Amino acid sequence: MDIKLELVAVPVTDVDRAKAFYEKLGFNADHDVTVSEDIRFVQLTPPGSACSIAIGRGLTRMTPGSLDNMQVVVTDIEEAYEDLRGRGVEVTEIQDLPWGSFVYFSDPDGNGWAVQQTTPRKSAEPGP
């Protein structure tokens with residue numbers, strides 16, 4: 001039996017501000033539906049991902065900004081770093097660890113994201 005992660009709720013205070021931020025990152029806005037005065041469902045999907053995020057009103061009891069270390073994977077961390085900076089996102093410098101290379105950023109509410117290249121960069125590998 002396959003079990004696939006489909007959707008992760010991301011708690012935000014201002015749905016429109018958060019939607020604009022994630023669209024600026026290149027996420028596709030798949031749905032934006034106001035169900036009632038209390039419920040608004042916005043689904044956004046990162047490019048190439050099979051899993052989406054949901055932001056909105058009435059979707060989660062989590063405190064806005066409380067989600068930490070959501071992780072996405074890229075093939076080239078340097079390209080991802082430059083792309084994020086080019087989109088105006090405050091991103092950390094690249095950190096090289098034995099299990100991959102990372103950069104980190106947060107959305108306007110403080111929800112934390114990690115971007116990982118699963119293989120360490122050539123420049124980070126120990127020399128002979």
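Computed from a predicted structure; not experimentally measured.
The number of heavy atoms from other shown groups lying within 6.0 Å of CD (Gln71) is above 12.
Between the side chain of Gln116 and the backbone N or O of Thr118 there is no donor-acceptor pair closer than 3.5 Å. Of the possible polar contacts, none joining the Thr63 side chain to the Ser66 backbone as a donor-acceptor pair under 3.5 Å is found.
Under the 4.5 Å side-chain criterion, counting only non-hydrogen atoms from C-beta, Phe41 is in contact with His31. Between Phe105 and Leu84 there is a side-chain heavy-atom pair separated by less than 4.5 Å. Residues Val73 and Gln117 have side chains not in contact (no heavy-atom distance under 4.5 Å, counting atoms from C-beta outward). The side-chain heavy atoms of Tyr104 and Gln95, taken from C-beta on, include a pair separated by under 4.5 Å. Between Glu79 and Val74, every side-chain heavy-atom pair lies at or beyond the 4.5 Å cut-off.
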Atom pairs and distances, donor-acceptor, side-chain atoms in residues 44-59, under 3.5 Å, two or more places apart:
unit_1: Thr45; atom_1: OG1; unit_2: Asp30; atom_2: OD2; d: 2.3
unit_1: Thr45; atom_1: OG1; unit_2: Ser52; atom_2: OG; d: 2.5
unit_1: Ser49; atom_1: OG; unit_2: Cys51; atom_2: N; d: 3.0
unit_1: Ser49; atom_1: OG; unit_2: Cys51; atom_2: O; d: 2.8
unit_1: Ser52; atom_1: OG; unit_2: Gln43; atom_2: NE2; d: 3.2
unit_1: Arg57; atom_1: NE; unit_2: Glu37; atom_2: O; d: 3.3

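Between Asp76 and Arg121, no side-chain nitrogen of the basic residue sits less than 4.0 Å from a carboxylate oxygen of the acidic one, so the salt-bridge criterion is not met.
Not a single side-chain hydrogen bond (donor to acceptor under 3.5 Å, both in side chains) links Glu23 to another residue, sequence neighbours left out. Taking the side-chain hydrogen bond (donor to acceptor under 3.5 Å, both in side chains) definition, one finds that Asp16 meets it with Arg40, sequence neighbours left out.
The two atoms that bring Ser106 and Gly112 nearest to each other are OG-CA, 4.0 Å, heavy atoms only. In terms of heavy-atom proximity, Leu67 sits nearest to Pro11 at CB-CD, 4.1 Å.
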Check the pair Arg17 / Asp109 against salt bridge (charged side-chain N to carboxylate O under 4.0 Å, His left out), numbers first and verdict last. CA-CA 9 Å; Arg17 178 183 72 173; Asp109 284 289; 3.1 Å; yes

